[in-house]
Amino acid sequence: AQTPAAAPAACAEMPVAPANMPDGAKANGDALNKYNQAFLAFANSAKAVLDCRRLEIEGFTKQQGDIKARDAALVPEFNAIVTRFNAIGAHLRAEADRYNAKADGKPIPGGPSISPTAPAATPALPTSCPALPAQPTIPNGATATGPQMTAANAAYATYTPHMQANIACRKKEIDDNQASLTALKAKADPVIVAYNGLIGDFNAKSDAWVAEVNEYTARVEAKTKKR
């Protein structure tokens, strides 16, 4: 028989089954009735403890689901923000190349303007990170003046460290979320193992008692038929 495991703080200890289970092949009815009363009291207490532990496991499962759902939203949003940041840098570099080609008297590559970077969407998730900085306005390098390009470069230089800090903050949110899931799993796994062990032990004791009762019943019925 398994030794009852230490209960979580929220649940009572698993009760100990009554000792000296009668042998259905030999015991009389009084002995079985007396033991049955003790076993029913044990079973009721055990079921209450098992229900408590089951609810605790369900709580772990819900927390894990919530963390996984947040992770499923955080990661795509983070990737979209990084992609947008990279696109803005690429857009500015392309317009600077067009401006430099114009200043050098070379043919202007492409059409009248490169596709502008779309504004970043408002993040859908609550976050402790700073708000995303405003995207710099990037001029058309084919028509921009020198001061306009200088201003765009300055705006991008100001924008970049704020955006990098925001991305780092959001990356930490994802890492922290993953760490929470790992910690929760480490806490839940032994509780689940203990619960399964206690369920198995309780069922084994119940089955053993039912077998003894059935054996006693069969013995009594056999005697009755002989009369």
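Ile199 is connected to Phe39 through a chain of hydrophobic side-chain contacts under 4.5 Å among Ile, Leu, Val, Met, Phe, Trp and Tyr, so both are in one cluster. In this structure, Leu55 is not a member of the same hydrophobic cluster as Leu198, with clusters built from ILVMFWY side-chain heavy atoms closer than 4.5 Å. Tracing side-chain contacts under 4.5 Å through hydrophobic residues (I, L, V, M, F, W, Y), one reaches Met21 starting from Val220; they form part of the same cluster. Under the 4.5 Å side-chain heavy-atom criterion for grouping Ile, Leu, Val, Met, Phe, Trp and Tyr, Val213 is not connected to Leu40 through any hydrophobic cluster. Neither Val210 nor Leu50 shares a network with the other; the hydrophobic side chains, linked directly or stepwise wherever heavy atoms of I, L, V, M, F, W or Y lie under 4.5 Å apart, form separate groups for each.
For the atom pair Lys68 NZ and Asp66 CG, the distance stands at 11.5 Å (nearest 0.5 Å). Rounding to the nearest 0.5 Å places CD of Gln63 at 9.5 Å from OG1 of Thr61. Atom CG of Asn166 sits about 10.5 Å away from atom CZ of Phe85, to the nearest 0.5 Å. Here the CG atom belonging to Asp201 is positioned 12.5 Å from the CG atom belonging to Asn196, to the nearest 0.5 angstrom. Rounding to the nearest 0.5 Å places CG of Asn177 at 8.5 Å from CD1 of Ile174. A distance of 11.5 Å separates OG1 of Thr137 from CG of Leu92, quoted to the nearest 0.5 Å.
By the 4.0 Å N-to-carboxylate-O rule, Lys62 lies too far from Glu58 to be salt-bridged with it. Between Glu95 and Arg98 there is a salt bridge, with a side-chain nitrogen of the basic residue lying less than 4.0 Å from a carboxylate oxygen of the acidic one. Taking a cutoff of 4.0 Å between a charged side-chain nitrogen and a carboxylate oxygen, Arg54 and Asp51 qualify as a salt bridge. In summary, Arg93 and Asp97 do not engage in a salt bridge, as defined by a charged side-chain N under 4.0 Å from a carboxylate O.
Residues Glu56 and Tyr195 have side chains not in contact (no heavy-atom distance under 4.5 Å, counting atoms from C-beta outward). At least one side-chain heavy atom of Trp209 sits under 4.5 Å from a side-chain heavy atom of Asn36. Residues Lys47 and Phe202 have side chains in contact (heavy-atom distance under 4.5 Å, counting atoms from C-beta outward). Residues Glu173 and Ser128 are in side-chain contact: their nearest non-hydrogen atoms beyond the backbone lie under 4.5 Å apart. Using a 4.5 Å heavy-atom cutoff, the side chains of Ile88 and Tyr159 are in contact.
Shortest non-hydrogen contact noted between Met14 and Ala46 is CE-CB, 3.6 Å. Closest of all the heavy-atom pairs between Met149 and Pro139 is SD-CG, 3.5 Å. The minimum heavy-atom distance between Lys187 and Val191, with the atom names listed, is O-CG2, 3.5 Å. Pairing each heavy atom of Gly29 with each of Tyr216, the nearest pair is CA-OH, 3.2 Å. Scanning both residues, Ile167 and Phe78, for their nearest heavy atoms gives O-CE1, 3.3 Å. Residues Pro76 and Asp71 approach most closely at CD-O, 4.2 Å, considering heavy atoms.
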Steps toward salt bridge (Lys or Arg N to Asp or Glu O under 4.0 Å) verdict (Asp175, Lys171): CA-CA 6 Å; Asp175 291 343; Lys171 178 63 167 61; 2.9 Å; yes

Begin from the C-alpha positions of Gln64 and Leu181 and carry the test side chain to side chain contact (heavy atoms under 4.5 Å, CB included) through to its verdict. CA-CA 6 Å; Gln64 288 175 326; Leu181 185 61; 4.1 Å; yes

Glu212 vs Tyr35, test: side chain to side chain contact (heavy atoms under 4.5 Å, CB included). Steps then yes/no. CA-CA 11 Å; Glu212 295 297 348; Tyr35 188 87; over 6 Å; no

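A donor-acceptor pair is defined here as one N or O able to donate and one able to accept, closer than 3.5 Å; no such pair exists between the side chain of Tyr156 and the backbone of Ile138. Between the side chain of Arg170 and the backbone N or O of Cys129, no donor-acceptor pair lies under 3.5 Å.
Counting heavy atoms of neighbouring residues, nucleotides and ligands inside a 6.0 Å radius, atom CG of Asn20 does not exceed 12 of them.
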